[in-house]
Amino acid sequence: MDARNDQVEERALEQRRGETVTAAPVEAPPRNGGSEAPARERRKRPRISETPPAPPPPPRLDDYEPIIGKPQLDELRYLAHPLRSKTVKMVNSTSMGGGVAEMLNRLIPLLSELEVVTRWDVITGGNDFFEVTKAFHNALHGGEYVLTKEARDIFLSYNEQNRQRMQFTEDLFVIHDPQPAGLIRSRERNRGKWMWRCHIDLSNPHPDVWGFLRPLIEEYDATVFSSPAFSRQLMVPQYLFYPCIDPLSEKNKELDAGYIQKVCDDFGIDRSRPIVTQISRFDRLKDPVGVIQAYKLAKKYVDCQLVLAGGGATDDPEGAIVLQEVMDAAGEDPDVIILNLPPWSALEINALQRASTIVVQKSLKEGFGLTVTEALWKGKPTIAGAVGGIPTQVIHKLTGVLVHSVEGCAYQIRYLLTHPEFAEQMGKNGREHVKENFLMTSNVKRWLLLFQILLGTVTKEKTT
Ligand code: UDP
């Protein structure tokens, strides 16, 4: 294709960004050495068990010593000591899928090993509740929304039902994100301390939705945000906790080469050619269609395959619709491999990330972006949208590259695939950045300090 045609096509792609894409299937040219199977056929092959396997035993604190060192572990034990008789309840809205569940799965066993007995409860709700909370989520990220009385009633009545069903006898309560925020109404005067942990970016919320939630949030004793840029002015104290990953989890632990190869073979991924991967729920805010467009632009200049692997969180009813949009945008290109994975695919995701030449996270809005943390930890050259918590992790051209458009993403895919030494150095820098800032053990330390502040066992000055 000549340069003029490129420009025309790039402009057309730019115009289509943000629209629902219903493009006709794209015919991929036949390729020597590539898999013969059409993309859709490979997508359908059942590869992963249809029921969750028994979870592996959680790691013990001592298992982290080779990664963070003994002094850091001793510090955690020291900080936990005054909290040993205390109990904590954490509540969120899904036990599987999404970054919050991912973190709680590791945080809670570690706090418990430190004898800070922590219980994890998940609120329940009907489709109507999760449709409202999903709409709130999008509106809090700045989307258009008309807040109706019906939506407010649905939100409050499910919160009330959960409040009636649950018991609140612990010393400390950590309520994650807006969905269960109404549980604060169970707060008893002079009993227990309540924290609202907000994982999303509230910098530009829909005023009606935020106006509705804010009075609830201001009943908490403290709020925790993932970045100062995400927070709002509030009448209650705010703390900054970076989210984190667990280097020993199935998602992030080292894997042997044979297993990585097997996963690629199972999914029809050719490891002799470059692999560009985005791992994300099928959610428009993750811009999977934009990733396909960027891949198609880059593919005119460099050979590569695109892997889009994701699944739906149980609190996200839009996933199936977006998956269909992604399939339509991919057409019949056999080098686009779309994997709709069950939530218990941590090992497979780990292997896909490790097999990748480049990891992309082209989000349009983002919380912190744990998939970016995971990719950086694996030393992968990472291309990511400059939104939410991503710029905290991806320092442009040092620990990864930031992009703002389909064209920018395409350019960086092409650049990194043709400059492997630069890409490798960024990958190494990214891993160090995560080790310093975003591992689970740092998060445990922050919680212990906050619990101490709220219970009055340390002075505030020691903890910023
Ligand atoms: N994830 C997963 N399966 C999927 C898609 C994502 O296990 O099909 C994981 C991903 O590896 C990461 C988390 O879910 O650990 C997503 O967190 P992130 O902060 O990137 O985004 P969120 O989904 O919370 O918006």
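Nothing here was measured: the structure is a model prediction, and the numbers come from that model. Atoms within each ligand, like the ligands themselves, are counted from 1 in listed order.
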Answer yes or no for [X]: is there a heavy-atom contact with ligand 1 below 4.0 Å?
| X | value |
| --- | --- |
| S345 | no |
| G369 | yes |
| K286 | yes |

Item to check | Pair H433 and F438, ring centroids less than 6.0 Å apart | outcome: yes
Next on the checklist: So that I know where these two stand, are F241 and W447 an aromatic pair - ring centroids less than 6.0 Å apart?
Outcome noted: yes
Is it the side chain, the backbone, both or neither of [X] that has a heavy atom closer than 4.0 Å to ligand 1?
| X | value |
| --- | --- |
| V100 | neither |
| H199 | neither |
| P343 | neither |

Subset of ligand 1 atoms that lie under 4.0 Å from at least one heavy atom of [X]:
| X | value |
| --- | --- |
| L370 | 17 (O), 18 (P), 19 (O), 20 (O) |
| I349 | 2 (C), 3 (N), 4 (C), 7 (O) |
| E374 | 10 (C), 11 (O), 12 (C), 15 (O) |
| G311 | 4 (C), 8 (O) |
| S280 | 5 (C) |

Item to check | Considering all heavy atoms, the nearest G430-T399 contact | outcome: CA-CB, 3.8 Å
Considering only heavy atoms from C-beta outward, does the side chain of [X] approach that of [Y] to under 4.5 Å?
| X | Y | value |
| --- | --- | --- |
| L439 | W377 | yes |
| V174 | Y220 | no |
| Y242 | S226 | no |
| I383 | V359 | no |

Checklist entry - Relative to atom 9 (C) of ligand 1, which among K251, E348, K365 owns the nearest non-hydrogen atom? => result K251
Checklist entry - Can you tell which of I390, T94, L352, T371 gets a heavy atom nearest to atom 10 (C) of ligand 1? => result T371
Item to check | For S231, all residues meeting side-chain contact (heavy atoms from CB on, under 4.5 Å), sequence neighbours excluded | outcome: F225, Q238
Next on the checklist: Please check whether R281 reaches ligand 1 - meaning an N/O of the residue sits under 3.5 Å from an N/O of the ligand, judged on distance alone.
Outcome noted: yes
Next on the checklist: Exactly one of K251, R106, K253 should register a side-chain hydrogen bond (donor to acceptor under 3.5 Å, both in side chains) with D246. Which one does?
Outcome noted: R106
